[in-house]
Amino acid sequence: MRRLLNPYLRVMEKRRLRNAKSPGALRRALEVNARLFFLPRGRGFTKTRIAGVPVLRRDGVAPLLLYFHGGGYVFGSPTTHKAMLAQIARRVGCGLILPDYRKAPEHPFPAAVEDALEVYSAVMETPGGVVLGGDSAGGGLALALLAEILRLGLPLPKGLFAFSPLTDFTGSGESLRSNAASDVVLPAERTGDMTDMYLQGADPNDPRASPLFAAFTGAPPVWLCAGDTEILLDDTRRMTERLREQGVQVTEVIAHDLPHVWPLFHTLLPEARATLGQVSDWIRRL
């Protein structure tokens with residue numbers, strides 16, 4: 001199935017991301033794709049607010065999974081990712097909270113980090129603990145949140161996992177160039193536009209934007225994955241190195257020839273279902 005999905009993504013999704021003229025166009029397209037491809041859509045969720053931030057919530061037993069969706073800090077929503085998270089919840093039995101954090105360009109950096117910290121502060125004392133998760137920009141947001149938790153001395157989550165996280169807004173990863181042709185989803189030439197929409201002049205070296213440069217000493221276990229053809233491959237590889245240098249226990253999974261955030265395609269790819277099973281097993285062992 002991968003041999004059919006990758007060419008489709010290259011022709012349709014990568015072209016759409018390359019040619020999108022506005023944040024609204026990006027948002028509408030992902031919502032449509034989620035209804036078509038990210039099935040089953042995930043039941044049992046309720047809309048509510050936590051610390052003033054809109055969230056999707058699904059009850060379950062411990063631990064509570066606080067998950068931040070991807071989309072370059074510009075598009076995406078809890079709705080686009082709830083089907084994938086429902087698969088993890090089914091395997092683990094955990095509760096879910098998916099924040100609809102504020103997006104750029106209407107709400108630039110550090111609005112998303114502020115929302116993430118507000119939600120975590122409201123749930124950090126949950127019996128059985130909290131696990132942080134995210135994908136792409138949401139993976140970077142989860143890591144930035146973890147660094148803020150450590151800096152502020154807040155109660156720690158049990159662990160963190162991230163699919164294809166965006167960890168460096170300076171664009172210094174070699175894979176941004178070496179994998180520009182092989183990445184079937186993300187057009188490397190649009191990274192500058194996304195950076196401008198989110199940072200709007202803020203320092204890309206700020207660890208709240210680029211957790212690659214954050215302090216993580218004392219952090220709980222971390223699980224990271226990326227595909228070897230992704231432009232964000234080095235964001236995961238260097239993040240793993242950075243965490244291990246600071247004494248953090250890291251599980252790193254580098255998969256061959258799989259698209260950006262491939263677990264989203266769990267109804268199509270056996271590899272996606274296997275990865276969801278791996279991270280679910282990891283959560284249960286925390």
Side-chain angles (χ1 to χ4, degrees), residues 45 47-58 63-82 84-85 88 94-126 129-169 194-195 197-200 202-204 206-216 219-220 222-224 235 239 243 261 283:
F45 288 90
K47 291 183 178 181
T48 185
R49 286 181 176 267
I50 296 177
V53 179
V55 304
L56 282 183
R57 184 165 198 158
R58 176 171 163 165
L64 175 65
L65 174 51
L66 176 58
Y67 190 90
F68 301 95
H69 67 82
Y73 293 100
V74 173
F75 57 100
S77 72
T79 301
T80 58
H81 286 62
K82 67 178 184 178
M84 178 179 68
L85 272 297
I88 296 177
C94 60
L96 298 172
I97 291 178
L98 285 66
D100 192 7
Y101 56 87
R102 288 173 292 170
K103 310 295 189 302
E106 298 89 344
H107 303 284
F109 172 82
V113 182
E114 293 170 346
D115 286 356
L117 185 57
E118 287 291 332
V119 175
Y120 180 76
S121 297
V123 303
M124 62 187 179
E125 302 285 3
T126 299
V130 178
V131 175
L132 304 180
D135 64 273
S136 196
L141 179 55
L143 285 158
L145 171 61
L146 178 58
E148 284 293 280
I149 291 167
L150 289 160
R151 184 181 69 84
L152 295 170
L154 299 177
L156 293 177
K158 298 185 70 173
L160 179 150
F161 70 92
F163 304 129
S164 308
L166 167 59
T167 66
D168 176 18
F169 265 108
M194 304 300 285
T195 298
M197 279 193 278
Y198 181 52
L199 294 183
Q200 296 189 24
D203 184 1
D206 189 316
R208 296 172 298 167
S210 298
L212 181 64
F213 308 120
F216 287 100
V222 172
W223 188 100
L224 302 176
D235 282 44
M239 191 75 248
L243 289 164
V261 194
I283 292 170

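- Contacts classified as side-chain hydrogen bond (donor to acceptor under 3.5 Å, both in side chains) and involving residues 156-166 (residues at least two apart or in different chains) are given here: S164-E230.
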Result block: side-chain N/O donor-acceptor pairs under 3.5 angstrom for residues 117-126, not counting sequence neighbours:
from: Y120; atom 1: OH; to: P155; atom 2: O; distance (Å): 2.5
from: S121; atom 1: OG; to: L117; atom 2: O; distance (Å): 2.8
from: T126; atom 1: OG1; to: V123; atom 2: O; distance (Å): 2.5

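- Judged by distance alone, with hydrogens and angles left aside, the side-chain atoms of E148 form no donor-acceptor pair with the main-chain N or O of R208 at under 3.5 Å.
- In this structure A215 satisfies the side chain to side chain contact (heavy atoms under 4.5 Å, CB included) test together with Q246, sequence neighbours excluded.
- In this structure, the salt bridge (charged side-chain N to carboxylate O under 4.0 Å, His left out) partners of E114, at least two apart in sequence or on a different chain, are R102.
- If you look at F169 and Y198, their ring centroids are closer than 6.0 Å.
- Using a 4.5 Å heavy-atom threshold, the side chains of Y101 and F68 count as touching.
- Between R57 and I97, some side-chain heavy-atom pair lies under the 4.5 Å cut-off.
- A search for ring-ring contact (aromatic ring centres under 6.0 Å, His included) contacts involving F216 returns nothing, not counting sequence neighbours.
- Residues meeting the salt bridge (charged side-chain N to carboxylate O under 4.0 Å, His left out) test with R49, sequence neighbours left out: none.
- Residue pairs that meet the salt bridge (Lys or Arg N to Asp or Glu O under 4.0 Å) test with at least one member in residues 160-169, sequence neighbours left out, are D168-R238.
- Looking at L85 and L56, their side chains never come closer than 4.5 Å, going by heavy atoms from C-beta outward.
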Dump the intermediate steps for side chain to side chain contact (heavy atoms under 4.5 Å, CB included) on L150 and L156, then the final yes or no. CA-CA 7 Å; L150 289 160; L156 293 177; 3.5 Å; yes
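- Remark: T195 pairs with no residue by the side-chain hydrogen bond (donor to acceptor under 3.5 Å, both in side chains) rule, at least two apart or across chains.
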Side-chain polar contacts of residues 135-146 - donor-acceptor pairs under 3.5 angstrom, sequence neighbours left out - could you list them?
from: D135; atom 1: OD1; to: Y67; atom 2: OH; distance (Å): 2.7
from: D135; atom 1: OD1; to: G70; atom 2: N; distance (Å): 3.3
from: D135; atom 1: OD1; to: H81; atom 2: NE2; distance (Å): 3.2
from: D135; atom 1: OD2; to: G70; atom 2: N; distance (Å): 3.2
from: D135; atom 1: OD2; to: H81; atom 2: NE2; distance (Å): 3.2
from: S136; atom 1: OG; to: H260; atom 2: NE2; distance (Å): 2.8

